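The structure displayed is predicted, hence computed values, not measured ones.
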Amino acid sequence: MHLVYPAVLSALLFCVGLYGVLARRNAILVLMAVELMLAAVGLNLVAFDVWLRDVTHAGQVLTLFLIALAAAEIGIGLAIVLLVHRRRGTVAVDRLTELREKKPVT
Amino acid sequence: MSGGNGYLSPSGQEIVFVLTGLVVLGAAVLCVTTKQLVHAALWLVVALGGLAVQYLLLTAEFVAWVQVLIYLGSVVVLLLFGLMLTKAPIGPSAEADSGNRPVALVVALAAAGTLVTLVADAFRTAWIDLDTPHGESGPIGDSLFRVWVLPFEALSVLLLAALVGAIVLSRKDTPDAPDPAGTPGTTGTTGTGPAKGGGR
């Protein structure tokens with residue numbers, strides 16, 4: 001198999017996730033887009049590991065670590081989002097402007 | 001790298017890979033553009049499941065099954081939990097996308113153009129030899145517990161820290177702490193989700 005196919009697919013998938021992170025308003029949808037980006041990186045790691053025939057399987061082991069880290073990240077992320085929802089009543093990321101710089105009085 | 005075929009005579013694996021890739025990409029695009037929040041999680045299932053198929057095509061079977069178990073089995077379920085616990089609206093919601101959507105589209109298209117041009121130019125002639133598998137459970141476990149055992153243990157400590165952190169975050173406030181927005185009904189239900197999340 002040409003290496004270009006998995007590499008290009010993972011690049012495109014990463015950019016789809018990037019769009020999701022930037023464009024979504026609901027914080028949980030942002031977390032989903034982050035998952036897409038992480039999965040794209042995993043595909044890249046596995047493809048290059050198989051291409052290079054690494055004897056220590058570094059790419060695939062790193063992908064396993066990445067999956068475990070994604071699970072931990074989603075657990076903590078959801079806990080934070082639920083706490084924000086409990087405190088503020090919304091999870092829209094552009095409405096949580098408590099810490100924003102005050103607009104100068106003109 | 002040697003023995004590579006041309007792009008005009010694709011092998012069976014390449015055809016299956018490209019078809020699965022189209023499914024993955026379409027599901028990912030639908031996941032980030034759909035107006036229905038629960039549908040986004042379900043499209044994420046399709047995308048990640050297709051990625052597991054591609055891991056199998058790349059002969060990385062152990063990673064593929066871990067992907068199915070952890071991503072499809074728990075992460076998506078957690079996301080659905082989160083959607084329901086934050087009272088996500090059922091049905092189309094007009095507020096799924098924020099105002100900076102055109103900017104996000106421009107940034108994503110620019111990044112995609114740059115990355116695809118770069119990657120396609122750099123690895124045009126690279127060829128993956130898939131005749132001998134390179135990701136069976138035996139060799140992966142061998143190198144995981146022989147070479148990478150210290151990162152593995154560090155990861156288990158990190159998972160423990162994530163568990164404790166999720167429990168601390170989702171605990172109900174103590175009675176003397178000010179809690180202006182919390183009502184007893186919502187705090188009781190929200191306490192269960194993150195505790196499950198930390199348990200992974």
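- Of the listed residues B:Asn100, B:Asp142, B:Ile140, the one with more heavy-atom pairs under 4.5 angstrom with chain A than any other is B:Ile140.
- With a 4.5 angstrom heavy-atom cutoff, A:Asn26 touches chain B via backbone and side-chain atoms both.
- Per-residue counts of heavy-atom pairs under 4.5 Å with chain A were compared for B:Leu22, B:Thr59, B:Thr33; the largest is that of B:Thr33.
- Contact of the A:Pro6 side chain with the B:Ile128 side chain is registered, since non-hydrogen atoms from C-beta on lie closer than 4.5 Å.
- Within the 4.5 angstrom heavy-atom criterion, atoms from both the backbone and the side chain of A:Leu12 approach chain B.
- For A:Phe65, there are no ring pair (Phe, Tyr, Trp, His ring centres under 6.0 Å) partners at least two apart in sequence or on another chain.
- Heavy atoms closer than 4.5 Å to chain A are found in both the backbone and the side chain of B:Leu58.
- Residue A:Glu35 touches chain B through both its backbone and its side chain, counting heavy-atom pairs closer than 4.5 Å.
- Residue contact with chain B, scored on non-hydrogen atoms closer than 4.5 Å, involves the side chain of A:Thr63 exclusively.
- With chain A as partner, the option from B:Leu51, B:Leu115, B:Val66 having the largest number of non-hydrogen pairs under 4.5 angstrom is B:Leu51.
- Looking at B:Phe123, the atoms closer than 4.5 Å to chain A (heavy atoms on both sides) sit in the backbone and in the side chain alike.
- Scanning residues 38-46 of chain B against chain A with a 4.5 Å non-hydrogen threshold yields B:Ala40, B:Ala41, B:Leu44, sorted by number.
- For the pair A:Tyr19/B:Val29, no side-chain contact is recorded, criterion being any heavy-atom separation below 4.5 Å from C-beta on.
- The main-chain N or O of B:Val63 is never found under 3.5 Å from a side-chain atom of A:Gln60 such that the two would form a donor-acceptor pair.
- When each of B:Ala122, B:Pro133, B:Gly165, B:Gly135 is scored by its heavy-atom pairs under 4.5 Å with chain A, the top score falls to B:Gly135.
- For the options B:Leu105, B:Val107, B:Val147, B:Leu109, heavy-atom pairs under 4.5 Å to chain A are most numerous at B:Leu105.
- In this structure, chain A has a heavy atom under 4.5 Å from the side chain of B:Gln54, while its backbone stays farther away.
- Heavy atoms of A:Ile28 lying under 4.5 Å from chain B belong to its backbone as well as its side chain.
- B:His134 and A:His57 have parallel rings, their planes meeting at less than 30° on a 0 to 90° scale where 60° marks the start of perpendicular.
- The contact between A:Ile80 and chain B is made by backbone and side chain atoms together, counting heavy-atom distances below 4.5 Å.
- Contact annotation for A:Val91: only side-chain heavy atoms (C-beta onward) come within less than 4.5 Å of a heavy atom of chain B.
- There is no contact between B:Ser156 and chain A, counting heavy-atom distances below 4.5 Å.
- If you measure heavy-atom distances from B:Leu158 to chain A, the contacts under 4.5 Å come from the side chain alone.
- Proximity to chain B is absent for every atom of A:Ala92, based on heavy atoms less than 4.5 angstrom apart.
- Both the backbone and the side chain of B:Leu37 come within contact range of chain A, with heavy atoms under 4.5 Å apart.
- Among B:Leu79, B:Leu144, B:Val18, the residue making the largest number of heavy-atom pairs under 4.5 Å with chain A is B:Leu79.
- Side-chain atoms of B:Ser98 do not come within 3.5 Å of backbone N or O of A:Arg25 as any donor-acceptor pair.
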